[in-house]
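Report on the following structure.
In listed order, ligands and their atoms are each counted from 1. Atom set for the values below is all heavy atoms of this structure, side chains included, hydrogens, waters and symmetry mates excluded.
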Amino acid sequence: MKIIDAHVHTNFRHRGAAEFSKEKKIPFSWDDLQHQLDQHNVVGAVIITTDHDDPTPGEAALLTSQRKQDARLFPVCSIHPDNTSRADVHKVEQLLQTGKLFGIKIFPGYHPVYPSDKRYHAFYELAGKYEVPVIVHTGDTFGSHHLVKYAHPLDVDEIAVKFPQTTFILAHLGNPWVRDAAELVYKNENVYADLSAFCLSHPGRHDLQRIVHDITFALNYSGRPDKFLFGTDWPLVGIGSYIDVIKKAIPRKHHQQVFFENANRVFKMGL
Ligand SMILES: [Zn+2]
């Protein structure tokens with residue numbers, strides 16, 4: 001089966017990601033990425049800003065240069081809440097106009113700012129205009145000094161309603177607030193979710209039980225297998241072991257949608 005990984009980090013110089021991957025023995029370099037994609041038949045990967053302190057459009061230069069080297073990679077830049085001037089909006093619009101970006105991301109929780117904050121609104125409008133999704137970090141944060149109240153998925157309801165032309169993807173399905181996230185996917189036609197990083201490094205048996213339970217609930221409650229996207233959050237989790245776990249959580253009849261079609265459609269990858 002061809003797979004699209006809708007959530008991958010590729011800033012190999014980022015100290016936090018590099019240290020974690022070294023400690024957990026998840027090799028993290030350009031060559032390792034190539035090897036992982038080849039080995040697991042990952043034909044497309046959404047590459048996302050690793051350093052959320054990078055100003056708008058976060059890591060756009062790095063990510064777009066990586067796409068030039070490997071057309072399997074689809075860049076998504078991030079928005080920093082302190083860099084939301086008209087000039088910043090213009091920079092992002094230029095990247096969207098020239099087809100260099102396939103989406104944008106915000107980092108509530110890592111930034112102490114709610115998704116509904118007015119500073120982000122112009123970017124939501126841009127995403128609607130250029131028909132690219134907005135990925136919203138939701139749920140637990142990597143590192144205890146961040147503030148997870150900003151990352152609760154429920155706040156996304158407000159922007160989903162206010163910007164009906166814009167597609168929002170709840171990264172991590174709001175984990176552990178999976179019920180709230182499932183409600184947003186059920187209620188709002190324009191809300192999707194990725195299934196990345198329900199655990200860190202390599203999933204153990206207890207992780208497996210919980211992940212299957214939570215994802216089964218969200219799928220059944222929403223009744224929308226067309227709105228869940230496979231993703232890993234590599235290098236925070238191993239790609240191969242995570243594919244195995246999510247395969248167990250998703251009924252086989254929905255594999256093609258969740259592991260390939262949904263991301264291909266939402267990010268307009270043309271694969
Ligand atoms: Zn991530």
Side-chain angles (χ1 to χ4, degrees), residues 3-24 26 28-29 32-33 36-37 42 44-54 56-60 62-63 66 73-81 101-111 113 115 132-148 150-153 156 168-178 181 192-203 207 211 215 228-239 241-243 245-246 263 266-267:
I3 289 176
I4 294 173
D5 186 336
H7 195 131
V8 169
H9 295 281
T10 52
N11 183 345
F12 305 111
R13 292 188 173 175
H14 188 262
R15 196 192 287 176
E19 281 173 2
F20 179 85
S21 58
K22 191 174 176 196
E23 185 193 325
K24 302 296 181 185
I26 298 173
F28 182 52
S29 70
D32 291 315
L33 174 67
Q36 290 291 311
L37 300 186
V42 177
V46 176
I47 52 172
I48 298 176
T49 312
T50 315
D51 179 5
H52 41 73
D53 292 326
D54 206 49
T56 307
E59 294 187 344
L62 169 74
L63 301 176
Q66 289 179 333
L73 307 180
F74 293 82
V76 165
C77 82
S78 61
I79 309 304
H80 193 292
L101 284 186
F102 292 80
I104 57 184
K105 181 167 183 189
I106 60 166
F107 286 90
Y110 294 97
H111 297 137
V113 175
V132 297
V134 176
I135 304 173
V136 183
H137 171 84
T138 56
D140 186 37
T141 51
F142 185 69
S144 56
H145 55 294
H146 304 299
L147 297 173
V148 290
Y150 295 102
H152 193 287
V156 177
F168 295 95
I169 299 174
L170 306 173
H172 323 300
L173 187 58
N175 178 49
W177 298 300
V178 171
Y192 290 64
D194 85 33
L195 303 175
S196 62
F198 266 69
C199 60
L200 290 176
S201 67
H202 297 289
D207 293 317
I211 293 168
I215 291 179
F228 294 88
L229 283 58
F230 172 73
T232 56
D233 213 357
W234 188 82
L236 298 188
V237 299
I239 291 179
S241 55
Y242 204 68
I243 289 172
V245 164
I246 301 299
V266 174
F267 287 98

- With sequence neighbours left out, write down each residue that passes side-chain contact (heavy atoms from CB on, under 4.5 Å) with A60, or none if nothing qualifies. P57, C77, L95

- Query: Looking at residues at least two apart in the chain, or sitting in another chain, which of them share a side-chain contact (heavy atoms from CB on, under 4.5 Å) with A151?
  - Reply: H137

- Between A181 and L173, the two heavy atoms sitting closest are CB-O, 3.2 Å

- Item | L62: side-chain contact (heavy atoms from CB on, under 4.5 Å) partners, not counting sequence neighbours | N11, E59, Q66

- Under 30°, 30 to 60°, or over 60°: which ring-plane class applies to H52 and Y110, parallel, tilted or perpendicular? tilted

- Query: Within less than 2.8 Å of the Zn ion (ligand 1), how many protein N/O/S atoms are there?
  - Reply: 3

- Message: Parallel, tilted or perpendicular: which one describes the rings of F20 and F142, with boundaries at 30° and 60°?
- Response: perpendicular

